[in-house]
Protein chains: 2
Amino acid sequence: MTSTADAPRPPGRPRSVRADEAIIEATLDLLAEGSTIEAISVEAIAARAGVGKATIYRRWAGKDALLHDALRTLKGEPPQPSGRSVREDLVALVGAVGQNIDPRAAKIMPCLVPNVKRNAEHYALYQSIVEPRRAVMREVLRRGIRDGELRPDIDVEVTLALITGPLLIQRMLNWNPDLDETTLPARVVDQVLAGIQAR
Amino acid sequence: MTSTADAPRPPGRPRSVRADEAIIEATLDLLAEGSTIEAISVEAIAARAGVGKATIYRRWAGKDALLHDALRTLKGEPPQPSGRSVREDLVALVGAVGQNIDPRAAKIMPCLVPNVKRNAEHYALYQSIVEPRRAVMREVLRRGIRDGELRPDIDVEVTLALITGPLLIQRMLNWNPDLDETTLPARVVDQVLAGIQAR
DNA sequence: TAGATACGAAACGGTTCCGTATCGATAATG
DNA sequence: CATTATCGATACGGAACCGTTTCGTATCTA
């Protein structure tokens with residue numbers, strides 16, 4: 001990828017890899033602390049990264065491009081289910097909702113909410129992160145149907161939202177202050193499995 | 001309240017009620033269009049309301065106070081269930097999630113997400129809107145348990161999140177582009193009622 | 001060593017915003 | 001009519017920020 005074989009090193013001082021990383025890290029840090037995307041200033045990023053503003057503008061066309069690249073690094077790989085049981089897999093998957101490899105992701109996510117529905121590019125970025133995770137969970141449900149653990153007539157897409165929604169609103173908004181976030185995944189999955197209707 | 005009995009009208013030109021309303025309306029309009037709270041400027045509000053900035057600062061101490069008052073007007077009364085059946089009531093309640101009397105509410109809600117977990121005052125305001133609606137839904141569930149429509153051992157608080165979460169993430173984020181928002185309430189409620197486990 | 005490029009720091013012009021102040025005009029009371 | 005407070009409009013000082021440019025310095029290749 002970064003080999004010099006097909007790209008004969010250009011003359012002059014090469015760009016500092018440390019600066020690249022420091023800029024991205026500083027951006028994510030500030031996003032995790034700050035309130036919204038617009039509130040982050042390039043000057044603050046440069047200061048936090050120990051970098052001149054020119055170094056940033058040498059790499060990115062502007063604030064938007066930098067933010068887009070920074071957010072892309074949060075992607076990460078979706079978790080892989082163990083496959084022992086549908087319940088166990090779902091509890092693990094739903095427990096990971098809104099918690100990527102990077103612990104800052106949970107704090108950054110709310111900052112993006114206002115933009116997701118207004119900016120097509122942000123929405124595409126958001127979906128590119130969420131869809132693979134939905135796909136993993138979808139496959140667990142399909143496996144459960146095949147194996148007879150789940151009823152064959154369930155609405156898979158609705159079930160995805162049913163399992164993900166509660167964790168998302170609780171982690172993003174602390175929607176119900178009386179709900180304990182640590183035990184919530186298991187309780188949600190068990191309730192979805194069992195249903196609430198009298199039989 | 002606004003009678004002149006115990007408050008002898010002070011001298012001078014009285015404040016324009018039209019200006020009051022125009023300012024609040026302009027604030028909500030801009031919030032519904034704009035992206036985040038910070039992005040709204042007092043000057044834009046004044047221009048939209050056809051009002052001088054001084055007229056705003058004569059009424060509110062600053063932008064925060066104005067925004068707080070404007071958001072409070074979105075509160076409205078929580079919907080009342082018909083009481084015919086648990087299913088019918090839940091479908092109606094969950095259909096109203098994120099949709100207050102004011103149609104702008106659905107667009108404004110995402111703007112507040114970043115602040116809710118960081119600002120205690122915003123969180124209190126948010127809860128003061130959400131809690132009454134949760135209470136109505138909670139009462140429907142308790143009634144269902146009493147009447148034998150629902151199992152007595154269900155986790156009521158989890159069920160609230162289970163029913164609300166999917167609608168909230170779908171309306172706020174369009175979380176799953178393949179889910180139809182109009183049919184979602186009924187599908188969510190039916191799935192929660194039935195459960196997904198094979199029996 | 002010479003040339004080229006990147007570096008951090010600093011400054012610049014232009015824009016936006018906040019909160020205050022000041023207009024002449026307006027609308028109420030006494 | 002005199003008084004008083006508000007009206008919309010406009011300007012101001014101060015601050016923050018963007019994106020660009022210019023420093024002198026550092027680091028690479030040829």
Side-chain angles (χ1 to χ4, degrees), chain A residues 2-27 29-31 33-70 111 115 119, chain B residues 2-27 29-31 33-70 111 115 119:
Chain A
T2 55
S3 80
T4 57
D6 53 350
R9 158 86 61 83
R13 177 176 174 175
R15 291 201 177 160
S16 159
V17 181
R18 286 196 49 184
D20 281 85
E21 294 167 355
I23 293 168
I24 296 288
E25 284 302 299
T27 305
D29 278 352
L30 287 174
L31 269 178
E33 298 168 8
S35 50
T36 64
I37 287 188
E38 292 93 340
I40 306 296
S41 74
V42 176
E43 305 193 84
I45 293 172
R48 169 73 69 105
V51 152
K53 273 169 63 177
T55 303
I56 292 181
Y57 282 102
R58 205 173 285 120
R59 289 163 164 76
W60 289 277
K63 185 158 79 159
D64 288 349
L66 167 56
L67 286 175
H68 190 266
D69 268 18
C111 304
N115 304 75
N119 184 319
Chain B
T2 55
S3 80
T4 56
D6 53 350
R9 157 87 62 83
R13 178 173 175 176
R15 296 209 174 150
S16 159
V17 181
R18 286 195 52 184
D20 280 87
E21 294 168 354
I23 292 168
I24 296 289
E25 284 302 300
T27 305
D29 278 351
L30 286 174
L31 270 177
E33 298 168 7
S35 52
T36 64
I37 287 187
E38 291 93 340
I40 306 296
S41 74
V42 176
E43 306 194 81
I45 294 172
R48 169 72 69 104
V51 152
K53 271 170 64 176
T55 303
I56 292 180
Y57 281 102
R58 206 173 285 121
R59 289 162 164 76
W60 290 277
K63 184 159 77 159
D64 288 349
L66 167 56
L67 286 174
H68 190 267
D69 269 18
C111 304
N115 304 75
N119 185 320

Within-4.5 Å side-chain heavy-atom neighbours: B:Leu67 and B:Leu31: yes
Does the side chain of A:Glu21 come within less than 4.5 Å of A:Val17's, by heavy atoms? yes
Any idea which of C:dC7, D:dC18, D:dT6 is nearest the B:Arg58 side chain? D:dT6
Return the 5'-most residue of the pair A:Ala54, A:Ala39 with respect to DNA chain D, ranking by each residue's nearest nucleotide. A:Ala39
Here the distance between atom P of C:dT15 and atom CD of B:Glu43, to the nearest Å, is 15 Å
A:Arg59 CZ to D:dG19 P, in whole Å, measures 17 Å
Counting side-chain heavy atoms from CB outward, which of D:dG8, D:dG19, C:dC7 is closest to A:Arg15? C:dC7
Could you check how far CH2 of B:Trp60 sits from P of C:dT20, rounded to whole Å? 15 Å
Integer-rounded Å distance: C:dA10 C1' and A:Ile56 CD1: 15 Å
Compare every heavy atom of A:Leu30 with every heavy atom of A:Arg48, then report the nearest pair and how far apart it is. NH2-CD2, 3.6 Å
Does a side-chain N or O of B:Thr55 approach OP1 or OP2 of D:dG8 to a distance below 4.0 Å, or not? yes
Find the distance B:Tyr57:OH to D:dG8:C1' and express it as a whole number of Å. 16 Å
Check whether the side chain of A:Lys53 and the base of C:dG8 form a donor-acceptor pair under 3.5 Å. no
Contact summary for B:Ile40 and B:Lys63, nearest pair of heavy atoms: O-NZ, 2.8 Å
Using a cut-off of 4.0 Å between protein heavy atoms and nucleotide atoms, how would you tag nucleotides 24-30 of chain D 5' to 3' with B, S and -? --BBBS-
Any side-chain heavy-atom pair of A:Glu38 and A:Asn115 under 4.5 Å: yes
Rounded to the nearest angstrom, tell me the gap between atom CG in A:Leu67 and atom P in D:dG19. 11 Å
Round to the nearest Å and state the distance from B:Ile40 atom CD1 to C:dT16 atom P. 15 Å
Rounded to the nearest angstrom, tell me the gap between atom NZ in B:Lys63 and atom P in C:dT20. 15 Å
Quick check: closest heavy atoms across A:Gly34 and A:Cys111, and the distance to 0.1 Å? O-SG, 4.1 Å
Give a yes or no on whether the backbone of A:Arg58 and the side-chain of A:Arg15 come within a donor-acceptor separation of less than 3.5 Å. yes
